[in-house]
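Order of appearance sets the numbers: ligands from 1, and atoms from 1 within every ligand.
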Amino acid sequence: MRAVAEAGINVALIKYWGKRDASQNLPAVSSLALTLKSPGTKTSVEFVPSLSADQFELNGEPCEDKGVLACLDEVRALSGLDLRARVVSQNSVLTASGLASSASGFAALGVAAWCAAGLPFEAESPRPELVHLVRRGSGSAPRSLLGGLVELDRETGLVHQLLSPEDCPYRLVIAVLSHQKKAVSSREGMRRTVQTSPYFADFAASNASDLAAAKEAIKSSNFEQLGAAMERSTWRMHAAMIASDPPLRYMTSGSLRVIERLEALRAEGIPVFFTEDAGPQVKALCRTEHLSQLLDALRSLSEPLDLQWAEPGPGARCWIEA
Ligand code: PMV
């Protein structure tokens, strides 16, 4: 039985940075993210009696990844299945550059392996064991299990949907400034920030009020308030990163030029808001009706940008192929 799963990346509005339990990959703070229709990952998993070792192919190339093997081991333990797996994955996301490719990657892998092992999958309310499984692969991956606006709770490590993709009247533009892999992984960056940044505690302490403001804004359909909370959370995360020793500076001069253009556009009366993760790429959120003005503003920059836009998307989905 070959199970195929698809998942889109998600972009955090209220940021997760830092772990409170590294072994379970439990976050130090709650987060809130928008799952996108694309880019994303499509992965098939098949448990095959004749295989003597797990096989993993990523974008047509054989690949070794401890996280993938750990995920398969856990599915075997949960299901009692004792067979090796063939995993084939197609990732349309730029990897390891602050575009959360690991989120869609582990959401698709976890769901495909789960279904291939015959475990029950309910797309709207994934079992806690499945959420824990994908979270151990990547801290932000559980958010890609659900569509639209999704909260990942710090206490439980579980996810719930705040708004369906159909009810999210937004578009997200990703301004790709660099195709290079980041020098410091999120895992190492988080460890360094928690251990050395005097501002990490302040970032973590401000999470509750930023999250509450964002949730209130979602409830009252107040896009400006949602965008403001997203920018506060973003600046606070980057401030904590920059104050690490040695500093973690994912924001580049190019990112700042894009952010300044977005601020100017906002001053002209177009409500657009930015966020940025562990890489130089800037993500801009706008209402659907302002997408073309946002794209025109970014195209007017002399910065060489690869611009991609995305719409809110569904959570991970899975089907069986003969
Ligand atoms: O899931 P990870 O380990 O790639 O961490 C993601 C962290 C950020 O993207 C910087 C913020 C977030 O909440 O997605």
Side-chain angles (χ1 to χ4, degrees), residues 7-36 39-41 65-67 70-71 91 93-110 131-146 149-154 157 159 162 172 174 176 181-194 197 200 203-204 206-207 210-211 214 229-242 244 248-251 255 274-283 285 310:
I9 62 166
N10 68 78
V11 171
L13 282 70
I14 302 299
K15 300 299 186 184
Y16 145 59
W17 193 252
K19 302 179 195 300
R20 69 181 174 87
D21 177 340
S23 68
Q24 294 301 310
N25 219 7
L26 279 165
V29 292
S30 296
S31 57
L32 192 162
L34 181 65
T35 298
L36 303 178
T41 309
D65 187 303
K66 277 193 208 139
C71 177
N91 200 339
V93 195
L94 192 61
T95 51
S97 62
L99 283 183
S101 59
S102 62
S104 59
F106 277 100
L109 171 71
V131 180
H132 296 316
L133 171 79
V134 306
R135 196 193 58 242
R136 280 191 279 267
S138 165
S140 54
R143 301 184 312 223
S144 283
L145 291 175
L146 298 176
L149 280 171
V150 181
E151 181 181 358
L152 197 166
D153 182 72
R154 172 195 187 277
V159 276
L162 296 174
L172 189 105
I174 304 175
V176 178
K181 287 200 171 184
K182 57 190 164 200
V184 182
S185 69
S186 302
R187 208 168 278 255
E188 162 56 17
M190 287 186 199
R191 194 201 52 74
R192 191 187 298 174
T193 311
V194 172
S197 174
F200 178 72
F203 160 71
S206 62
N207 169 261
D210 289 339
L211 183 66
M230 172 171 84
E231 291 198 351
R232 274 200 306 279
S233 176
T234 305
W235 283 121
R236 288 168 176 175
M237 177 182 76
H238 282 272
M241 291 165 161
I242 291 167
S244 302
L248 274 171
R249 203 171 57 82
Y250 293 112
M251 230 177 228
S255 322
F274 90 95
T275 188
E276 186 171 334
D277 294 294
Q281 334 306 352
V282 178
K283 291 125 190 180
L285 189 69

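- In this structure, the side chain of Asn25 does not engage the main chain of Lys19 through any donor-acceptor pair within 3.5 Å.
- Contacts between Ser102 and ligand 1, counted as non-hydrogen atom pairs separated by less than 4.0 Å, involve the side chain only.
- Asp21 contributes a side-chain N or O that, together with a main-chain N or O of Ser23, makes up a donor-acceptor pair within less than 3.5 Å.
- Although no hydrogens or angles enter the test, the distance criterion places a donor-acceptor pair under 3.5 Å between the side chain of Thr234 and the main chain of Met230.
- Contact annotation for Ser186 and ligand 1: only side-chain heavy atoms (C-beta onward) come within less than 4.0 Å of the ligand.
- The shortest N/O to N/O separation between Ser138 and ligand 1 falls below 3.5 Å.
- With a 4.0 Å heavy-atom cut-off, ligand 1 is reached by the side chain of Arg143 but not by its N, CA, C or O.
- At a heavy-atom cutoff of 4.0 Å, ligand 1 is contacted by no atom of Arg187, backbone or side chain.
- Listed by chain and residue number, Arg232, Arg236 satisfy the side-chain hydrogen bond (donor to acceptor under 3.5 Å, both in side chains) test with Asp210 (two or more places apart in sequence, or in another chain).
- For Arg192, the side-chain hydrogen bond (donor to acceptor under 3.5 Å, both in side chains) test picks out no residue, with sequence neighbours left out.
- To the nearest 0.5 Å, atoms CG (Leu149) and CG (Asn10) are separated by 10.5 Å.
- The N/O atoms of Ser140, backbone and side chain alike, include one that comes under 3.5 Å of an N/O atom in ligand 1.
- Arg20 contributes a side-chain N or O that, together with a main-chain N or O of Arg154, makes up a donor-acceptor pair within less than 3.5 Å.
- Below 4.0 Å from some heavy atom of Ala12 lie the following atoms of ligand 1, by number and element: 12 (C), 13 (O), 14 (O).
- Of all the atoms in ligand 1, the ones that sit under 4.0 Å from a non-hydrogen atom of Met190 are 3 (O), 5 (O), 7 (C).
- Here is the list of ligand 1 atoms found below 4.0 Å of a heavy atom in Gly139: 1 (O).
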